[in-house]
Amino acid sequence: MLLPVALVLLTNTAYGPGPADAKSEPVFVDRAAELGVDFAHFNGMTGELYFAEHMGSGVALFDMDGDGDLDLYLGQGGPLGPPAPGGSRMASTRGDEPTLGDRLYRNDLDAGELRFTDITDESGLDARGYAMGVAAGDIDNDGDPDLYILNLGANELWRNDSKPGAPRFTNITAGSNTADPRWSAAASFLDFDNDGLLDLFVGNYVEFRVAIHKQCASAEGVLDYCGPKAYQAEANRVLRNLGDGVFEDWTSRLGLADLKRPTLGTVASDFDGDGFTDIYVANDQHANALLLNQGGAAFIDDAALAGAAVDSTGQPQASMGVLAEDFNGDGLVDLFMTHLHRETNTLYVNLGDGLWDDATRSSGLGRPSFLYTGFGTAVLDYDRDGELDIAVANGAVKRIDEQYRAGETLPLRQRNQLFRGLGQGRFVEVPDFERPAVAEVSRALAAGDLDNDGDRDLVIANNNGPVRILLNPGRPEPRQWAGVDLRLPAAGTAAAGRRALGAWVGVLDAGSNEPVRWRRFHTDGSYAAANDPRISIVGRDEPPEVVVAWPDGEQEAFRLGGLGRYFTLVRGQGLNAAPPSDRRP
Amino acid sequence: MIRPSADRVSALPLTLALTLATLPAQAQTALEPVEPPRMDHYEGSVRTQLAQAQSELDGLLNEPRPDQDRLAEAFGRLGQLYLLYDFMAPSAAALRNAQALAPDDPRWSYYLAINYRYEGALEESVAALDRVVALVPNDLAALTHRADIRLELGLTEEAEVDYRLVLERDPASSAARLGLGRIDFSRRDYESALERFERALRGQPPGSVVHHHLGLTLRRLGRREEAARQLELNDHLSVVFPDPLFTELQRLNVSREAHIKRGSAAMRQGNPRAALTAFLDALEAMPDDPLTIFNVGMALIELGEKEQAEARLRESIAINDNYRDPQYNLALILAERGDLEGAERHFRRAAEIDPEDIEARVRHADALTRLQRTDEAVKLLEGVLAADAPSPLAQLALGAAHQRAGSDNAARIALRKVLDAAPGAPAERAEAHYRLAVLAEANEAVQPGAPANAGVSADAATLALDDANRPQADSDPIEHLRQAIELDPDFAEAHALLGRTLARQERYVDGARHLARALRHDPANADWHRDRAMSLILGKRYAAARTGLMAGRQALARLEGDSARAAVEHLDTLLARLLAASPDPSVRNGAEALAIAQRQMADRPSIQHAETVAMALAEVGEFKRAATLQQQALDEVERRGGVPTAGQRQRLRAYLNDEPVREPWFSP
């Protein structure tokens, strides 16, 4: 006799300490409305339960105009298809469908107060696709981040031509060969061939179109959203940057054309320390991939051998958001990803020698996540204790009976979660971290220091609902933190050029001169989001010394010039050329 | 959006409260209200099933002194159903009531354990399983579940005890071996883990998930290549164990979704009969669901019941003509049975529904091509290619449309584009090679510098220039066919054409070999049997020719219809002549040849059959009768206004000289 699949799936669980161990903590406070962000996502649902409508949308935190504070980009949905028989299209949350389209908000912190202003129209950024996510990276090495918008349908590449006080974006999709027409959910900017230009890895999901929409039902026969296995998975895509805003599709050349799995999350990092950036790909209900870069000539999926493809029982999980950080402080890059209800979120701990181990049970991250469906996720140190914490944006993908019974139109709401790092790769859930306490259909989660006070704030994009801007109310003493922003030198000069995405920052212990914690400098990861790459170092009463491992593996030490603000570190301007330590992530 | 209404099964808490006082004291304290879910949107079969279970419970609760066992059974059944349909809170409440009323019945504790496990309440699940094991110490399913959960909780020593208990009682348990192997792995005892995993896999080879554990263990042991091989074999099928109560639970599922899942699994496993049954059950649950009707149609297609399948697909489309797949598959059926107009109509509709479905658009064009509406086909395909330039499928179809229209230059240009595209699409590249071979065979290749056809002048000019630089092989049909076969070794038409082409070049044996390869894929193809036999005869492989002809007759004899009869007649003539005139004496059999030839002559008299009878008569020594019959055949040729061939006159002279014929290779 066969044990049914539904029960077998439960063997994925691996548990540790639950929220009972948590201490009462300060909460994050939603201040979106008072900060001037009135954005609400509209998913266009009609009652047909189109697969894509409950999956979006994206958010980006990026310094658009180089004024030193984070601006905000929010992806929008729109009508998808005809209404179900007898149904009618739900009204736009904004009430004015013609204005639908992604929105760009300028952070006016430099004027003295944290406040956002909608500058979509004046910026020229007129993106009206059905947005699913967004990635930020400097494709033209001019020092500012450009935007790659991931859509259900053709993606869009917008070049950032902004100057302080003069926001300006130009749509360069046509001719750039980046308009991937498939459903894309995640992307990472990386320089896979070390030629000095940021290339693009585009994570595609499934072959869904309204025309091939399927009807799926829950166990008891109620119409419900389909899962990814109802549709063909799509292949990911690698676009090599040729310069001048033109990309070339290298997917086949790099051996990735036949790797078709539904991707929802990507992180780029040099996982094997060979000086070439690799990619970890989080796939929905399929084995994850660890694409090791073979000197820029090919990628080979090593996830299964590395022990990072499937969970400890050998089963693939529904991976969505993903993080790559040194969670247990051993100097090696670990992986965390969010999963479906009745799976756990999973932490793969790096054992070295190209091996990872599913350490979910001992980490304490498994059990509290078992009944939630996690999407976006972010790393932060909200309580400034030097240990990494993890935030997770939750929202179901299958009908929640209680909400359905209450007559809700989108009964997928779940509360978000925050896990406090205890050290040694152990975590405990922080109860009621969000105020007001809400349960929403949360998807993208981006983290960044919106008010430049040294701690990370959170922006959560809700499906068919308002965006939340959760500010960390804690305010570190200016003398107790310093932050870094990493830049490569502009071509032919020693001046700061584009950000060094994929680099790592190690904070050096004053006594041993060894890195005590490595942090990844990135904008990618999470789900459908682009993050603030800057890293802040807390708990210091004098300017700290750091070592930077640049994306090609070279290391360089820097002493920060003070406390209470961010410092731009440019490659080649450090204390010495020789690596201060042979340890690296 | 999902909108429930206020339709509920009943208001259980009130009736429950009224009844509690009549129950024994122990049960009174344990019973708790069961909040039923809303039912309005649930499908009828599930709603009816739940309502019946609820009604039975209500009936008992309304009795003055309900029987405690029956009440437990009613709560238990309701709890089972809620568990099955994923209503965890009411399920747990109902099952706890059942457990309280019948504490010695292990079923309710078992289902509670499942419920708790689904809800992540692992300690509670273990406690419920403790109760099951206390009641039934040999319940291996309960022990295995408890061990698995304890392992998940990190209680490896307790898990190990349970797994060992299971293994003592069932030494064949792969689930227990897998669990013990995982414990060894966690303790870094990789050698022991390896042995346990290997034994678990031997005990249950389909449990491919064990390959994952084997792979990781080998990796830890530094045996990287072996590890990689094992890991590739993990297609995520779990190790299973007998679990009667869970199986019983699954059997209760009457939802359409359960039937559909069962049917889909059966289709994947290549069991369309079981799939059909399941889909028909689903249809009973939701009679007018067009996608379920479509599924029924697909199962019928797999069963070869094309007519019934067609009816189901038409039924699905009549209910909702906005689904692509029924339109597309109906079109496929119609195209297969030659209703090209019907096929064209439904491919067109499929492409209208999903304009991004290149395959539907290309097949639509293909139907137009076959209807000789090549202009429309070309226009449609050019539209596809303008939007999806790299599509080799569309490019190939464009080549076929031009070929059908007689625009061979344009066809060659389109087909070469398939070959010049980036590697991939092996099927399309093979087909392109095949078509180029056909064109080359027809000797219609554009010569360098030749004037281009109207409408393709630029490309044709390019082609002409290209031709000057292309290797000779490009217009060599044999090279094209070899490449087609390299790309698709099972490409029967390519094998057949290569066989014929080689035979024309007097490479008879090679030709016969390829025709044999073609016949493996279509054993009833009379032309290929004939061509193979002729190749073998001309290659002097007479015995092989005889065997092949007899196999061909056998294969064709199973078919019905005039064309099949004509094909058998054709092969019979060849066989009779081979038996009568083979230079190899071991192959000749005059009596058999005569019997075949005379039967053919009796069935359908003709000059050809008369000549074959004459040949057989000569072989059995009846030269006079042979000569008479051959003369009559020649007279008949002249009477019809023809002129006898030199061969026919030569055979007559042979018979008159009492000589048999030893040239069986002239074609009938």
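These numbers come from the heavy atoms of this one structure, side chains and all, not from hydrogens, waters or symmetry mates. Lettering follows sequence order; numbering is per chain, from 1. These numbers were taken from a predicted model, which means no experiment stands behind them.
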>> As a quick check of understanding, evaluate salt bridge (charged side-chain N to carboxylate O under 4.0 Å, His left out) for Lys214(A) and Asp325(B), giving each step before the final call.
In response: CA-CA 10 Å; Lys214(A) 294 179 180 175; Asp325(B) 290 350; 5.6 Å; no

> Is atom CD of Glu123(B) surrounded by more than 12 heavy atoms (other residues, nucleotides or ligands) closer than 6.0 Å?
Replying inline: yes

>> Give me the atom names and distance for the closest heavy-atom approach of Asp357(B) to Arg209(A).
In response: N-NH2, 4.1 Å

>> So which atom in Leu122(B) and which in Arg367(A) form the shortest heavy-atom distance, rounded to 0.1 Å?
In response: N-NH2, 3.5 Å

> Crowded around Glu284(B) CD? As in, over 12 foreign heavy atoms under 6.0 Å?
Replying inline: no

>> To the nearest 0.5 Å, what is the distance between CG on Asp357(A) and CZ on Phe185(B)?
In response: 6.5 Å

> Minimum heavy-atom separation for Ser238(B) to Gln315(A), with atom names?
Replying inline: OG-NE2, 2.9 Å

> What option among Gly215(B), Ala228(B), Ser264(B), Ala89(B) has the most heavy-atom pairs under 4.5 Å with chain A?
Replying inline: Ala228(B)

> Nearest heavy-atom pair of Leu305(A) and Leu216(B): which atoms, and what distance?
Replying inline: O-CD2, 4.3 Å

> Where the side chain of Asn234(B) meets the backbone of Gly314(A), is there a donor-acceptor pair that is under 3.5 Å apart?
Replying inline: yes

>> Just so I understand: if I count every heavy-atom pair under 4.5 Å between each of Glu232(B), Gln49(B), His213(B), Arg219(B) and chain A, which residue has the most?
In response: Arg219(B)

> Side chain, backbone, both or neither: which part of Leu151(B) has a non-hydrogen atom closer than 4.5 Å to chain A?
Replying inline: backbone

>> Between His213(A) and chain B, with a heavy-atom cut-off of 4.5 Å, which part of the residue counts as in contact: side chain, backbone, both or neither?
In response: backbone

> Minimum heavy-atom separation for Asp311(A) to His212(B), with atom names?
Replying inline: O-NE2, 3.6 Å

> Given that the side chain runs from C-beta out, which part of Asp258(A) has a heavy atom under 4.5 Å from chain B: side chain, backbone, both or neither?
Replying inline: neither

> So do the side chains of Arg220(B) and Leu351(A) get within less than 4.5 Å of each other, counting heavy atoms only?
Replying inline: yes

>> For the CG atom of Leu371(A) and the CD atom of Glu119(B), what is their distance to the nearest 0.5 Å?
In response: 5.5 Å

> Passes salt bridge (charged side-chain N to carboxylate O under 4.0 Å, His left out), Asp302(A) versus Arg224(B)? Steps please.
Replying inline: CA-CA 11 Å; Asp302(A) 195 54; Arg224(B) 192 183 168 94; 3.3 Å; yes

>> Just so I know, are the side chains of Val209(B) and Thr313(A) near enough to count as touching, which here means a heavy-atom distance under 4.5 Å?
In response: no

> Atom CZ in Phe370(A), atom CZ in Arg117(B): separation rounded to 0.5 Å?
Replying inline: 8.5 Å

>> Under a 3.5 Å distance rule, please check whether Arg342(A) uses its side chain to pair with a backbone N or O of Tyr118(B) as donor and acceptor.
In response: yes

